[in-house]
K.L.:
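Submitted below is the structure of interest, expressed as structure tokens.
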Amino acid sequence: MTYDYDVLVVGAGSAGLSAALTLGRCRRRVLLADGGPTRNAPSPAVHSFFTRDGIRPAQLLQLGHEQLAPYPEVEAKELKIKRLTKLAHGFRATGETGQGLPFEATTRRVLLATGIEDILPPLPGFRELWGGSVLHCPYCHGYEVRDQPLAVYGQGKAVVGLALLISRWSANVVVVTNGPGHLTDYARQRLRRQGIGLRQEPIARLVGTPKTGLRCVEFTDGTFLECKALFLHPPQEQRSPLAADLGARLTGKGAVWVDKNAQTTVPGLYAAGDMVPGQQQALLAAASGSKAAICMNEALTKEDVA
Ligand SMILES: Cc1cc2nc3c(=O)[nH]c(=O)nc-3n(C[C@H](O)[C@H](O)[C@H](O)COP(=O)(O)OP(=O)(O)OC[C@H]3O[C@@H](n4cnc5c(N)ncnc54)[C@H](O)[C@@H]3O)c2cc1C
């Protein structure tokens with residue numbers, strides 16, 4: 001059987017674009033399926049990306065697409081992949097194009113670079129301010145709000161760890177737990193020692209607009225906590241069910257498990273970027289996409305020369 005592509009890359013964020021570049025330079029026939037906005041789309045800037053610190057997310061993606069242009073074997077398409085079926089030596093992919101047309105193709109390998117989704121608390125203000133002044137990652141945005149009054153949202157051990165981390169960027173940090181914080185005496189002591197405040201009242205809403213940024217946290221008892229930004233580590237979900245649908249193993253935290261060659265437990269199905277275990281940053285996603293591309297090219301070369 002002949003396959004339409006050597007590699008189908010699903011997802012055109014940092015991981016997918018970087019994988020497509022490496023594979024294009026290996027002269028592999030690549031289809032890059034660009035299925036919509038990336039995780040950081042609501043953010044004004046990408047920070048900590050070597051040589052691109054502060055670039056707009058859309059501009060980074062545009063550069064990634066532009067730099068695929070010299071490689072004729074790489075085809076990028078507005079395309080949402082809806083289903084992957086395992087074949088003897090590859091996969092059949094079906095989906096829908098950006099124009100709403102049905103799509104079908106075969107491919108020898110698949111790289112999933114579909115990212116993750118952040119599940120925000122269902123409280124007014126979180127979604128509206130997400131990416132601007134409701135933030136998840138101090139490595140990405142801590143510097144921009146340094147020395148400002150900051151809130152850290154969450155409960156239990158996790159919020160204590162995050163608040164202690166955030167205290168590197170500001171001496172004015174208050175934990176807001178939205179009801180009982182489930183904090184041990186030791187946890188409270190650690191916060192106190194670092195000068196971190198604690199508010200356990202239920203939260204009514206976050207006050208502010210995307211233009212002005214966060215102004216304060218309003219509690220249901222009518223009191224306020226003034227702050228310029230709020231950090232939280234929201235739970236995450238896989239953006240796409242493709243890996244799970246094929247029976248790929250997920251970790252206890254819901255990431256797609258991969259071996260040292262970026263391959264999932266489904267032979268020929270690879271994964272990279274935020275969707276696999278590890279730290280989540282655009283540069284790291286790009287690196288893991290590139291690594292997966294090298295691993296796929298080497299596996300394909302073994303097949304080609306057998
Ligand atoms: C608000 C915010 C701000 C951030 N700021 C920074 C920062 O400043 N610096 C930094 O390094 N990192 C930052 N990050 C983290 C960064 O966004 C991620 O690490 C990075 O986007 C991961 O890249 P990825 O390619 O794995 O996934 P993504 O960038 O999320 O790309 C996945 C792509 O796959 C597509 N897709 C999903 N399913 C399908 C399908 N079935 N078919 C086709 N396409 C599909 C999605 O639409 C998306 O375009 C931020 C994250 C957030 C939430």
Side-chain angles (χ1 to χ4, degrees), residues 8-21 31-61 64-65 76-84 93-98 103 105 110-120 126-127 129-145 210 229-234 236-246 255-256 258 262 270-293:
L8 165 65
V9 178
V10 189
S14 292
L17 282 164
S18 162
L21 176 64
L31 176 62
L32 176 64
D34 185 352
T38 55
R39 182 180 172 208
N40 59 345
S43 178
V46 182
H47 290 287
S48 278
F49 198 112
F50 172 60
T51 76
R52 292 289 178 268
D53 189 32
I55 192 170
R56 279 185 298 107
Q59 203 185 345
L60 183 67
L61 300 177
H65 278 284
K77 219 182 177 63
E78 262 184 58
L79 173 64
K80 184 130 197 159
I81 300 297
K82 298 212 162 149
R83 192 176 153 82
L84 293 168
T94 54
E96 191 176 303
T97 68
F103 170 87
V110 173
L111 174 65
L112 295 177
T114 46
I116 59 102
E117 184 118 21
D118 300 280
I119 313 299
L120 297 176
F126 277 82
R127 176 59 60 196
L129 299 173
W130 175 238
S133 46
V134 173
L135 304 163
H136 75 300
C137 168
Y139 300 104
C140 303
H141 307 290
Y143 194 80
E144 282 60 48
V145 294
L230 176 144
F231 282 87
L232 78 161
H233 273 168
Q236 306 186 335
E237 273 178 3
Q238 289 291 324
R239 177 72 75 86
S240 123
L242 292 168
D245 288 351
L246 275 173
V256 174
V258 286
Y270 291 68
D274 277 7
M275 64 185 298
V276 303
Q279 278 90 358
Q280 297 174 336
Q281 284 228 299
L283 187 64
L284 299 177
S288 81
S290 178
K291 176 185 163 177

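Here the structure is a predicted model, which is why all the values come from computation and not from measurement. One-based numbering, in listed order, for ligands and for the atoms of each.
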K.L.:
Nearest 0.5 angstrom please: Asp34 CG to Leu32 CG, how far?
P.N.:
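CG of Leu32 is found 6.5 Å from CG of Asp34.
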K.L.:
Can you measure from OG1 (Thr114) to CG (Asp274) and round to the nearest 0.5 angstrom?
P.N.:
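Taking OG1 in Thr114 and CG in Asp274, the distance rounds to 10.0 Å.
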K.L.:
Relative to the heavy atoms of Gly115, which atoms of ligand 1 are at a distance of less than 4.0 Å?
P.N.:
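Numbered from 1, ligand 1 contributes 27 (O), 32 (C).
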K.L.:
Quick one: closest heavy-atom pair of Ala12 and Leu17, and the distance?
P.N.:
O-CD1, 3.5 Å
K.L.:
Could you establish whether Trp130 and ligand 1 come within less than 4.0 Å of each other, counting only heavy atoms on the residue side?
P.N.:
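Trp130: in contact with ligand 1 (<4.0 Å).
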K.L.:
Quick one: CG on Leu284 to OG on Ser18, what's the gap to the nearest 0.5 Å?
P.N.:
11.5 Å
K.L.:
When only distance counts, is Ser43 in polar contact with ligand 1, meaning an N/O pair under 3.5 Å?
P.N.:
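No.
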K.L.:
Select the closest option to atom 16 (C) of ligand 1 among Gly35, Ala285, Ala282, judged by heavy-atom distance.
P.N.:
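Considering heavy atoms of Gly35, Ala285, Ala282, the nearest to atom 16 (C) of ligand 1 sits in Ala282.
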K.L.:
Check each atom of ligand 1 against the heavy atoms of Gly36 and keep those under 4.0 Å away; list them by number with element.
P.N.:
47 (O), 48 (C), 49 (O)
K.L.:
Considering only protein heavy atoms, which is closest to atom 25 (O) of ligand 1, and at what distance to one decimal place?
P.N.:
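Checking every protein heavy atom, the shortest distance to atom 25 (O) of ligand 1 gives Ala15 N, 3.0 Å.
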K.L.:
Quick check on contacts: which atoms of ligand 1 are under 4.0 angstrom from a heavy atom of Cys140?
P.N.:
5 (N), 6 (C), 7 (C), 8 (O), 9 (N), 10 (C), 12 (N), 13 (C)
K.L.:
Which one holds for His136 and ligand 1: side chain close, backbone close, both close, or neither close, with close meaning a heavy atom under 4.0 Å?
P.N.:
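It is the side chain that touches ligand 1; the backbone stays farther off.
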K.L.:
Based purely on interatomic distance, does Ser14 place a nitrogen or oxygen under 3.5 Å from a nitrogen or oxygen of ligand 1?
P.N.:
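Right, the criterion is met.
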K.L.:
Check contact between Leu79 and ligand 1, using heavy atoms of the residue and a distance below 4.0 angstrom.
P.N.:
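Right, Leu79 reaches ligand 1.
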K.L.:
What's the shortest distance from atom 38 (N) of ligand 1 to any protein heavy atom, and which residue and atom give it?
P.N.:
Thr114 CG2, 3.5 Å
K.L.:
Mind checking the OG1-NZ spacing from Thr97 to Lys80? Nearest 0.5 Å is all I need.
P.N.:
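Interatomic distance, Thr97 OG1 to Lys80 NZ, rounded to 0.5 Å: 13.0 Å.
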K.L.:
Is it the case that the side chain of Ser288 and the backbone of Ala285 share a donor-acceptor pair, with hydrogens and angles ignored and the cut-off at 3.5 Å?
P.N.:
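Yes; judged by distance alone, with no hydrogens or angles, the pair exists.
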K.L.:
Where's the contact between Ser48 and ligand 1, heavy-atom distance under 4.0 Å: side chain, backbone, both or neither?
P.N.:
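Answer for Ser48: neither.
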K.L.:
Counting non-hydrogen protein atoms only, what is the nearest one to atom 33 (C) of ligand 1? Give residue, atom name and distance.
P.N.:
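Result: Ala113 O, 3.7 Å.
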K.L.:
Counting non-hydrogen protein atoms only, what is the nearest one to atom 20 (C) of ligand 1? Give residue, atom name and distance.
P.N.:
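Atom 20 (C) of ligand 1 sits closest to the protein heavy atom Asp274 OD2, 3.8 Å.
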K.L.:
When you measure from atom 31 (O) of ligand 1 to each heavy atom in Ser18, Pro44, Gly13, which option holds the nearest one?
P.N.:
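Selected option, by shortest heavy-atom distance: Gly13.
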K.L.:
Going by atom type alone, with no hydrogens or angles, which donor-acceptor pairs under 3.5 Å involve a side-chain atom of residues 129-144 and a protein atom two or more places apart or on another chain?
P.N.:
{"residue": "Ser133", "atom": "OG", "partner": "Leu214", "partner atom": "N", "Å": "2.9"}
{"residue": "His136", "atom": "NE2", "partner": "Arg39", "partner atom": "NH2", "Å": "3.4"}

K.L.:
Where is the nearest protein heavy atom to atom 30 (O) of ligand 1: which residue, which atom, and how far?
P.N.:
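Result: Arg39 N, 3.0 Å.
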K.L.:
Once rounded to the nearest 0.5 Å, what's the spacing between atom OG of Ser240 and atom CG of Asp245?
P.N.:
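Ser240 atom OG to Asp245 atom CG measures 7.5 Å (nearest 0.5 Å).
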K.L.:
Tell me if a side-chain donor or acceptor on Asp118 pairs with a main-chain N or O of Gln236 at a distance below 3.5 Å.
P.N.:
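No, because the side chain of Asp118 does not come within donor-acceptor range (under 3.5 Å) of the backbone of Gln236.
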K.L.:
Of the protein's non-hydrogen atoms, which lies at the shortest distance from atom 41 (N) of ligand 1, and what is that distance?
P.N.:
Ile81 O, 2.9 Å
K.L.:
Roughly how far apart are Leu84 CG and Leu8 CG, rounded to 0.5 Å?
P.N.:
6.5 Å
K.L.:
Return the minimal non-hydrogen interatomic distance between Val110 and Val10, and the atom names on each side.
P.N.:
CG1-CG2, 4.0 Å
K.L.:
Quick check: closest heavy atoms across Pro57 and Asn40, and the distance to 0.1 Å?
P.N.:
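For Pro57 and Asn40, the tightest heavy-atom pair comes out as CG-O, 3.6 Å.
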K.L.:
Pull out every atom of ligand 1 sitting under 4.0 Å from any heavy atom of Arg239, numbered as shown with elements.
P.N.:
37 (C), 46 (C), 47 (O)
K.L.:
Counting both backbone and side chain atoms, is some N or O of Pro37 under 3.5 Å from an N or O of ligand 1?
P.N.:
yes
K.L.:
Measure across Leu111 and Ala19 and return the closest heavy-atom pair with its distance rounded to 0.1 Å.
P.N.:
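Result for this residue pair: CD2-CB, 3.3 Å.
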K.L.:
For atom 4 (C) of ligand 1, grab the closest protein heavy atom and report residue, atom and distance to one decimal in Å.
P.N.:
His141 NE2, 3.5 Å
K.L.:
Can Ile119 and Glu237 be said to form a side-chain contact (heavy atoms from CB on, under 4.5 Å), step by step?
P.N.:
CA-CA 7 Å; Ile119 313 299; Glu237 273 178 3; 3.7 Å; yes
K.L.:
Would you say that Arg52 contacts Val46 through its side chain, given a criterion of any heavy-atom pair below 4.5 Å between the two side chains?
P.N.:
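Not touching, per the 4.5 Å side-chain cut-off.
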K.L.:
Heavy atom under 4.0 Å from ligand 1: found in Phe49's side chain, backbone, both, or neither?
P.N.:
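No part of Phe49 comes within reach of ligand 1.
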K.L.:
Considering only heavy atoms of Ala45, which atoms of ligand 1 have at least one such atom less than 4.0 Å away?
P.N.:
8 (O)
K.L.:
Identify the protein heavy atom lying closest to atom 9 (N) of ligand 1, giving its residue, its atom name and the separation to 0.1 Å.
P.N.:
His47 O, 2.8 Å
K.L.:
Suppose I only count heavy atoms of Gly11 and a 4.0 Å limit; which atoms of ligand 1 are within that range?
P.N.:
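So the atoms of ligand 1 that pass are 33 (C), 34 (O), 35 (C), 44 (N).
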K.L.:
Which ligand 1 atoms are under 4.0 Å away from a heavy-atom of Asp118?
P.N.:
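Close to Asp118: 53 (C).
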K.L.:
Have a look at Ile116, Leu8, Val10 and point out the one with the heavy atom closest to atom 40 (C) of ligand 1.
P.N.:
Val10
K.L.:
Using every non-hydrogen atom in the two residues, find where Phe103 and Glu96 come nearest and quote the distance to one decimal.
P.N.:
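Minimum heavy-atom separation between Phe103 and Glu96: CB-N, 4.4 Å.
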K.L.:
At a 4.0 Å threshold, what atoms of ligand 1 neighbour a non-hydrogen atom of Gly273?
P.N.:
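Under 4.0 Å from Gly273, ligand 1 has these atoms: 26 (O).
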